[in-house]
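Since this is a predicted model, take the numbers as computed values, not measurements. Chain naming here is simple, since letters A, B, ... match the order of the sequence lines and numbering starts at 1 in each.
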Amino acid sequence: MTVPALVLLAALAVAAGSLARARLAIGSIRGPLFAAPRGNPAAGIRYAFTTAFLPWAKESASGHLPTYLAGIVYHAGIFAMLARLVLTLVPLAVPRGIAAVLVALFGAALACGFGLLVKRQVAPQLRAISVPDDLIANLLVDAALAAALAASLVPGVVPLFQLLGAALLLYAPLGKLRHMLFLVTSRRLWGAYYGRRGVRG
Amino acid sequence: MGRVLRASWSAWVTAPALELLRTRLDPGVAAFLESCVRCNLCAESCHVYLADGEVDSMPAAKVERVARLYRRYHTWSGRLLPFLTGARALDTAGLEELKEAAFGRCTMCGRCTLNCAIGLDPAAVIGLARAMVAAAGQVPAGIMANVTAALETGNSMRIPAGEVRDTIAWLEDDLRSGTGDASITLPVDQPGKRVLYALNPREVKFFPLSIQAAGLLLHAARESWTLTSTDFDITNYAYFACDRSSAGAISRRLLERAEQLGVETLVVAECGHGYRSLRWEAPEYLGRTWPFEIVSFVELLDQYVASGRITLDAARNRDRVTLHDPCNLVRNGGVIEPQRRVLRRAAWDFVEMTPNREHNYCCGGGGGMLAASEYAARRIAIGKLKVEQIRRTGAKVVVTPCHNCIDQLLELNKHYELGVEIRTLAEVAADALVLPNHSA
């Protein structure tokens with residue numbers, strides 16, 4: 001195993017441990033509730049993880065369609081990039097067709113990430129609520145996406161991709177990237193709330 | 001020396017708020033705080049931000065204010081690298097800003113929650129902020145006065161039981177003479193009835209005709225029902241303060257009274273937060289269930305109309321009517337269609353405002369804002385959005401099943417010269433009621 005691969009492996013372990021610790025630190029979500037449900041919490045959760053993602057499901061998405069779609073593409077690219085990063089540790093060749101799709105996805109995600117970064121720097125409302133973490137997290141993700149794109153085209157760039165991926169993973173537990181861990185919990189609670197009260201689902 | 005004293009004072013003032021943040025943070029709220037990525041896509045879903053356009057009014061800015069405290073006290077990166085994540089310690093100025101954000105720029109209507117692209121609940125985060133402010137004893141005095149009154153006397157307006165009984169007796173006489181039906185009764189404190197109809201104290205003091213309207217409808221439906229002269233209060237200002245202990249104590253009084261009277265159903269008069277706090281929150285405050293169901297009068301009325309227990313003649317309400325959806329009853333309570341079904345039968349020309357149902361905008365008076373006089377000017381300003389919604393309908397009558405909303409709409413009506421009539425659903429339904437001949 002190469003040194004960059006070892007660094008990536010170590011970073012994966014550190015990130016997983018730190019994020020698990022962060023999740024444990026907030027404690028367990030409340031158990032059964034006492035108020036009789038009007039609707040079905042499970043249906044609300046299903047809604048939260050399916051049709052609630054549709055661009056017209058929420059005013060925040062339909063009213064900011066370019067930003068929302070950029071966010072969706074960005075995150076799709078990030079998930080693919082992380083999967084590709086892990087795959088660099090195993091001797092597994094990515095089929096040519098999938099590789100082509102990944103190149104397109106990494107490129108689109110990189111453009112979207114950069115666009116979101118510019119928007120954050122330009123829009124006064126966003127600037128007002130931003131912290132250095134917003135900039136660093138975006139730049140690290142964009143760098144990893146760029147490396148993933150390059151590594152998909154030029155195999156010699158894989159070690160750089162691994163090192164940038166390791167940096168991203170080590171940074172993840174420090175700031176807003178932690179949302180990758182808590183988003184599922186949040187969305188589940190959100191869906192259960194509206195499902196239980198018969199408003200959604 | 002001065003600096004040391006100021007720091008000590010600040011630490012003393014903020015200690016209870018920090019204690020709450022450190023030790024009683026709900027894991028769900030922590031997950032919400034961790035999930036917000038400050039995308040700000042929710043900004044335009046907030047009626048306060050739409051009205052004033054100020055950065056501090058954006059839901060993401062309000063959440064961020066709490067999140068920075070959370071990071072400082074709950075994450076090691078926030079403790080060690082505060083500049084990175086914007087983590088901030090709480091001082092007296094920060095507590096004042098928190099109060100302003102939580103009580104002065106948010107009505108906890110939950111419209112941002114419904115529209116959060118991520119799927120987190122900013123209203124729950126504001127609830128944490130309010131709880132911290134409450135722990136520090138900084139809740140707006142107007143809200144606290146109602147909490148204290150409810151805890152001390154059983155209702156937020158300190159109305160003695162005798163006054164309730166006198167008011168009901170007067171309403172009963174008036175109803176009998178007005179309808180010519182001597183069999184009409186407004187029963188009080190009668191055990192063993194099917195339904196307990198619980199009141200908002202404002203009805204007793206200022207809007208007795210809404211009690212009369214509900215009484216007439218209950219009579220027409222031949223309901224087995226009673227009012228209570230003690231512990232009748234459905235309102236809960238501690239719910240606004242997010243003080244779970246006091247909110248539970250206030251709810252318990254009415255719930256235990258219903259249990260004592262042995263009713264099958266506790267019917268909550270038209271009051272958004274009263275319904276939500278009793279139906280959805282009180283069982284969680286108190287950690288138990290009750291041997292009766294809790295419904296809104298809106299739901300009961302819908303059942304009466306659907307089952308034919310009462311007949312409504314829409315021709316008796318010819319003016320154009322629109323409906324304002326109270327956030328706590330609709331978006332956060334799930335009572336969405338019953339009021340519409342009733343209105344379609346009770347009003348000749350019922351039109352929806354846009355947006356409506358769970359998407360409706362708060363009137364601006366929610367979340368205890370009406371009781372917090374320091375935010376009165378802002379409350380009227382943020383109500384402009386509602387005024388515009390109403391104007392676009394061309395309605396002459398605005399119906400809303402919530403006395404809190406009614407108070408705000410009455411003020412908006414006057415301030416913006418809307419020229420509409422503001423009414424409860426019961427009042428409109430009572431006007432359309434085809435009185436049955438019970439003696440037949």
Side-chain angles (χ1 to χ4, degrees), chain A residues 18 22-23 25-30 33-36 38-39 48-49 52-53 57-61 63-64 67-68 71 116 120 123-134 136-137 173-179 181-191 193-194 196-200, chain B residues 25-28 30-45 55-56 58 60-61 64 68 71 74-75 77 81 83-86 111-121 124 279-284 286-289 293-294 330-336 355 358-359:
Chain A
S18 301
R23 176 62 188 85
I26 70 164
S28 53
I29 304 295
R30 269 190 302 172
L33 300 171
F34 292 94
R38 178 192 301 285
F49 286 98
F53 280 111
K58 294 178 183 176
E59 200 178 275
S60 54
H64 298 269
T67 303
Y68 182 72
L116 292 171
R120 187 171 285 282
Q125 292 91 343
L126 273 173
R127 249 200 347 257
I129 55 172
S130 295
V131 296
D133 176 36
D134 291 301
I136 296 169
L174 296 180
K176 74 184 290 188
L177 294 177
R178 286 154 64 109
H179 78 269
L181 183 70
F182 292 95
L183 178 128
V184 174
T185 306
S186 280
R187 214 164 172 93
R188 182 170 62 76
L189 290 172
W190 183 91
Y193 177 88
Y194 287 120
R196 201 156 185 282
R197 297 191 181 205
V199 177
R200 282 283 183 273
Chain B
L25 177 63
D26 181 272
F32 296 144
L33 288 165
E34 291 275 9
S35 300
C36 183
V37 292
R38 302 176 282 280
C39 67
N40 204 36
L41 298 188
C42 57
E44 290 84 5
S45 60
V55 163
D56 285 344
M58 299 185 309
E64 180 60 10
R68 289 182 183 199
R71 285 178 214 132
H74 277 276
T75 68
S77 53
L81 309 164
F83 62 92
L84 181 71
T85 60
R111 202 168 184 279
C112 53
T113 302
L114 186 72
N115 285 295
C116 174
I118 292 284
L120 61 95
D121 186 353
R279 167 68 175 82
W280 292 108
E281 313 301 340
E284 316 310 331
L286 301 169
R288 60 164 290 196
T289 58
E293 64 170 346
I294 302 168
V330 179
R331 183 161 43 244
N332 296 296
V335 182
I336 302 172
E358 68 271 27
H359 300 288

Quiz item: Which of the residues B/Thr113, B/Leu25, B/Thr75 is involved in the greatest number of heavy-atom pairs with chain A at under 4.5 angstrom?
Solution: B/Thr113
Practice problem: State which residues pass ring pair (Phe, Tyr, Trp, His ring centres under 6.0 Å) with A/Tyr194; sequence neighbours excluded, sorted by chain then number. | Solution: A/Trp190
Exercise. Decide yes or no for A/Val131 and B/Leu84: does some side-chain heavy atom of the first lie under 4.5 Å from some side-chain heavy atom of the second?
Key: no
Exercise. Could you pull out all residues at least two apart from B/His74 that satisfy ring pair (Phe, Tyr, Trp, His ring centres under 6.0 Å)?
Key: B/Tyr70
Quiz prompt | Under 4.5 Å from a heavy atom of chain A, the part of B/Arg279 involved | solution = both
Quiz item: Does a side-chain N-to-carboxylate-O contact under 4.0 Å join A/Arg200 and B/Glu358?
Solution: yes
Self-check item: Non-hydrogen atoms of A/Arg38 and B/Trp280 that approach each other most closely
Solution: N-CH2, 3.6 Å
Quiz prompt | Minimum heavy-atom distance between A/Ser60 and B/Leu41, given as atom pair plus value | solution = CB-O, 3.3 Å
Exercise. Below 4.5 Å from any heavy atom of chain A, which atoms of B/Arg38 appear? Answer side chain, backbone, both or neither.
Key: both
Quiz item: Contact part of B/Glu64 toward chain A, heavy-atom cut-off under 4.5 Å: side chain, backbone, both or neither?
Solution: side chain
Self-check item: Interface residue of largest heavy-atom contact number with chain A, from B/Ser77, B/Ser35, B/Gly28, under 4.5 Å
Solution: B/Ser35
Practice problem: Answer yes when A/Arg197 and B/Glu281 have at least one side-chain N-carboxylate O distance shorter than 4.0 Å, and no when they do not. | Solution: yes
Practice problem: Determine, for B/Arg111 against A/Glu59, whether the closest basic-nitrogen to carboxylate-oxygen distance falls under 4.0 angstrom. | Solution: yes
Quiz item: Side chains of B/Phe32 and A/Leu189: closer than 4.5 Å at any heavy-atom pair?
Solution: yes
Exercise. Could you look at B/Asp56 and say if it's the side chain, the backbone, both or neither that has a heavy atom under 4.5 Å from chain A?
Key: neither
Quiz item: Checking B/Leu286 against chain A: side chain, backbone, both or neither under 4.5 Å from a heavy atom?
Solution: neither
Quiz item: Just wondering, do A/Leu33 and B/Glu284 contact through their side chains at under 4.5 Å, heavy atoms?
Solution: yes
Quiz item: Does any N or O in the side chain of A/Ser186 come within less than 3.5 Å of the main-chain N or O of B/Leu120, such that one atom is a donor and the other an acceptor?
Solution: no
Quiz item: Where does B/Val55 contact chain A at under 4.5 Å (heavy atoms): side chain, backbone, both or neither?
Solution: side chain
Quiz item: Measuring from B/Thr85:OG1 to A/Arg178:CZ, what's the distance to the nearest 0.5 Å?
Solution: 9.0 Å
Quiz item: Hey, does B/Ile118 have a side-chain heavy atom less than 4.5 Å from the side chain of A/Leu183?
Solution: yes
Quiz item: Measuring heavy-atom distances to chain A, does B/Cys36 have an atom under 4.5 Å in its side chain, in its backbone, in both, or in neither?
Solution: neither
Quiz item: What are the two closest non-hydrogen atoms of B/Asn40 and A/Gln125, and how far apart are they?
Solution: ND2-CB, 3.7 Å
Quiz item: Hey, does A/Lys58 have a side-chain heavy atom less than 4.5 Å from the side chain of B/Leu114?
Solution: no
